[in-house]
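My structure is below; once you've seen it, I'll send some questions.
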Amino acid sequence: MKKRVLTGIMATMLFASPFLPTIAQADTLKEMEQQKNALESQSSELNNKITEQDEALTNLETEKSNLESDITILQSQIDETVLKLHDQEQKLEESKAKVEQLKTEIEALKKLIAQRTDKLENQARSVQTDASASNLIGLLITAESFTDLVGRIGIVNQLVTANKDIVTEQAIDQASLETNEVKAEAEKIAVEDTKNAIELSKNNLVAQKAEMDDKIVQVAIQYDMTEEEKNTFVNEQQVIATQTSTLSEEMQKERQRIIEEEQARQLAIQKAAEVAAAKAAAEEEERLAAVETQEKAEQEAAAQKVAEQKTTVANSAPEKSTNTNKSNNSSSTTPSPSNSSPSSDSSSSKKPIVTQKPKPTPSSDSGFIRPSGGYMTSAYGYRVHPITGVYKLHGGTDFGGGGAIVASKSGTVVFAGYDSGWGYYVKIDHGNGMQTLYAHMVAGSLLVSPGQQVSQGQQIGTMGTTGSSTGVHLHFEMYKNGSRVNPASYL
């Protein structure tokens with residue numbers, strides 16, 4: 001009894017003890033999941049910031065492009081203005097030459113006028129000095145003849161007429177001088193005004209260009225700052241991605257450790273059950289052996305008693321004893337099988353049937369299935385890359401049409417995230433060196449996470465065109481021992 005109680009206690013301890021570390025490990029795994037979710041949240045926030053910075057950079061690029069276009073127009077206007085200014089400067093030089101010519105003419109007129117003025121003034125002084133009335137009468141009286149008198153009067157008239165012409169020419173030249181001076185001054189002012197206007201226009205355009213140049217510098221500075229901020233966010237995201245990857249590896253190891261411990265616990269339970277069953281079977285065999293021994297003893301006692309009775313009867317009636325002995329011998333011989341048969345049946349019916357708990361078996365999948373219901377658009381092999389135009393190996397098979405993407409075979413997810421080339425993609429390890437990759441999924445359509453076990457045909461995402469892609473499709477790759485192989489050999 002004590003032995004059975006002790007065995008029950010040991011079995012209870014054996015069955016209960018594996019659960020304790022599993023609870024602690026589950027809590028640790030839960031904390032890891034929380035940390036991973038926090039890191040993914042931070043990565044999502046950084047991704048939003050990177051998107052905002054990309055939009056800012058795009059806007060700055062547009063602004064810079066517009067400014068450069070405006071500057072080109074301004075430069076064209078400046079060039080046109082410079083040409084106009086050059087023409088005006090040539091006209092100004094011509095005007096200056098005309099002004100100089102006018103000045104020369106004016107100076108000549110001034111000299112001529114001055115000479116005439118001097119002559120008139122001399123004549124006026126002579127008249128004022130010598131041309132008194134008595135002198136004129138004397139001039140007439142002293143004339144020797146009428147002819148002489150007429151001649152003298154003609155000379156006087158010529159002098160008077162000459163002086164009158166000189167005065168008239170003097171007046172005309174003076175007026176021309178004044179006109180030329182006004183004209184020269186007006187043309188000079190007009191040319192100077194035109195030149196000043198063109199210079200002002202040129203300066204305004206140059207100032208606008210300087211302003212736009214400054215704006216471009218500011219945009220460039222903002223662009224550099226924004227680019228630097230973006231790079232900072234990208235670096236932070238890479239750090240978080242590294243932490244997330246490390247945490248995912250730790251979580252995978254933790255999950256594997258829990259699975260292994262659970263398997264060990266189940267194995268211990270199974271072994272304990274087998275030991276208990278074997279022990280029960282041994283005890284039952286011992287019990288049956290004891291029962292069989294007791295039955296044989298009872299049979300022997302009964303047989304001895306019958307033999308004694310036969311001996312007694314034989315002594316009293318010899319003939320009858322002989323017949324009776326025959327009958328008894330026949331009777332004792334016949335029941336023997338019947339006596340042993342019930343014992344055997346009893347033993348067989350009372351012995352427990354021990355059944356062993358079946359162990360979990362791996363998937364019986366023997367091959368891969370198509371990861372999409374879409375039509376094949378590009379097979380594995382060398383081709384001209386649709387984006388780069390380079391002739392290179394296309395390391396997978398493309399399926400078009402859109403829709404769900406399913407696991408080609410059961411396995412463990414080793415990656416589920418984003419890459420600039422593959423876009424959103426999933427990679428699954430199927431064991432025995434085989435892995436599959438599913439690329440260009442729709443953003444936000446990932447239905448699995450690293451470390452997750454997936455079954456064959458389970459949806460893992462949706463066809464998209466993220467990453468380096470020219471349209472909605474699934475890029476499907478297969479790896480054997482780390483090297484890409486043709487999926488057509490397995491589908």
Is the cationic atom of Lys427 (NZ for Lys, CZ for Arg) positioned less than 6.0 Å from the six-membered ring centroid of Tyr479 and within 45 degrees of its normal?
yes
Closer than 3.5 angstrom, by distance alone: can the side chain of Gln452 be matched with the main-chain N or O of Ser449 as a donor-acceptor pair?
yes
Is the closest basic N to carboxylate O distance between Arg287 and Glu284 below 4.0 Å?
yes
Do the rings of His473 and His440 sit parallel, tilted or perpendicular, given the 30° and 60° boundaries?
tilted
Counting C-beta onward and ignoring hydrogens, is there a side-chain heavy-atom pair between Val426 and Ile428 closer than 4.5 Å?
yes
Quick check against the 3.5 Å criterion: does Gln458 have a side-chain atom that pairs as donor or acceptor with the backbone of Ser455?
yes
Would a 4.5 Å heavy-atom cut-off, applied to side chains only, mark Ile387 and Thr470 as touching?
yes
With the side chain counted from C-beta on, respond yes when Phe476 and Thr436 share a heavy-atom pair under 4.5 Å apart, and no when they do not.
yes
Suppose we screen for salt bridge (charged side-chain N to carboxylate O under 4.0 Å, His left out). Which residues come up paired with Lys296, at least two apart in sequence or across chains?
Glu292
Centroid separation Tyr425 to Phe415 less than 6.0 Å:
yes
Looking at CG of Leu267 and CD of Gln263, how far apart are the two atoms once the value is rounded to the nearest 0.5 Å?
9.0 Å
Backbone N or O of Trp422 within a donor-acceptor pair of the Asp419 side chain at under 3.5 Å?
yes
Just verifying a value: how many Å separate His385 NE2 and Ser468 OG, rounded to the nearest 0.5 Å?
6.5 Å
Examine the side chains of Gln266 and Glu262 and answer whether a donor and an acceptor come within less than 3.5 Å of each other.
yes
Check for a donor-acceptor pair, side chain of Thr62 on one end and backbone N or O of Thr58 on the other, with a separation under 3.5 Å.
yes
CD1 of Ile259 to CZ of Arg257: how many Å apart, nearest 0.5 Å?
11.5 Å
Any side-chain heavy atom of Ser408 sitting closer than 4.5 Å to one from Leu491?
yes
With a 4.5 Å heavy-atom cut-off, do Ile405 and Phe399 have their side chains touching?
no
Side-chain touch Ile369/Gln456, heavy atoms, less than 4.5 angstrom:
yes
Strictly distance-based, threshold 3.5 Å: is any side-chain N or O of Ser445 a donor or acceptor partner for the main-chain N or O of Val442?
yes
On a heavy-atom basis, which atom in Tyr424 and which in Ala443 lie closest, and how many Å separate them?
CE1-CB, 3.3 Å
Taking Gly423's backbone N and O only, do any of them form a donor-acceptor pair with Thr466's side chain (distance below 3.5 Å, no angle check)?
no
Exactly one of Arg484, Met434, His430 clears side chain to side chain contact (heavy atoms under 4.5 Å, CB included) with Met478, and that residue is Met434
If I compare all heavy atoms of Arg383 with all of Asp398, which pair ends up nearest, and what's the gap?
NH1-OD2, 3.8 Å
Is any side-chain N of the basic residue among Glu261 and Arg265 closer than 4.0 Å to the acidic one's carboxylate O?
no
Looking at every non-hydrogen atom in both residues, tell me the closest pair between Ala407 and Val454 and how far apart they are.
CB-CG2, 4.2 Å
Would you indicate whether the side-chain heavy atoms of Ser372 and Met463 approach each other to under 4.5 Å?
yes
What distance separates Phe368 CZ from Ser489 OG, expressed to the nearest 0.5 Å?
11.5 Å
For the pair Thr293 (side chain) and Ala289 (backbone), establish whether a donor and an acceptor sit closer than 3.5 Å, ignoring hydrogens and angles.
yes
Hey, what do you get for OG1 (Thr397) to CG (Leu474), rounding to the nearest 0.5 Å?
9.5 Å
Salt bridge (charged side-chain N to carboxylate O under 4.0 Å, His left out) partners of Arg370, counting only residues at least two apart
none
Give, for atom CD1 of Ile240 and atom CG of Asn47, the distance between the pair rounded to the nearest 0.5 Å.
11.0 Å
What residues, two or more places apart in sequence or in another chain, satisfy side chain to side chain donor-acceptor pair (under 3.5 Å) together with Thr412?
Gln453
What are the two closest heavy atoms between Gly431 and Asp429, and how far apart are they?
N-OD1, 3.0 Å
Any chance the rings of His394 and His475 have centres within less than 6.0 Å?
yes
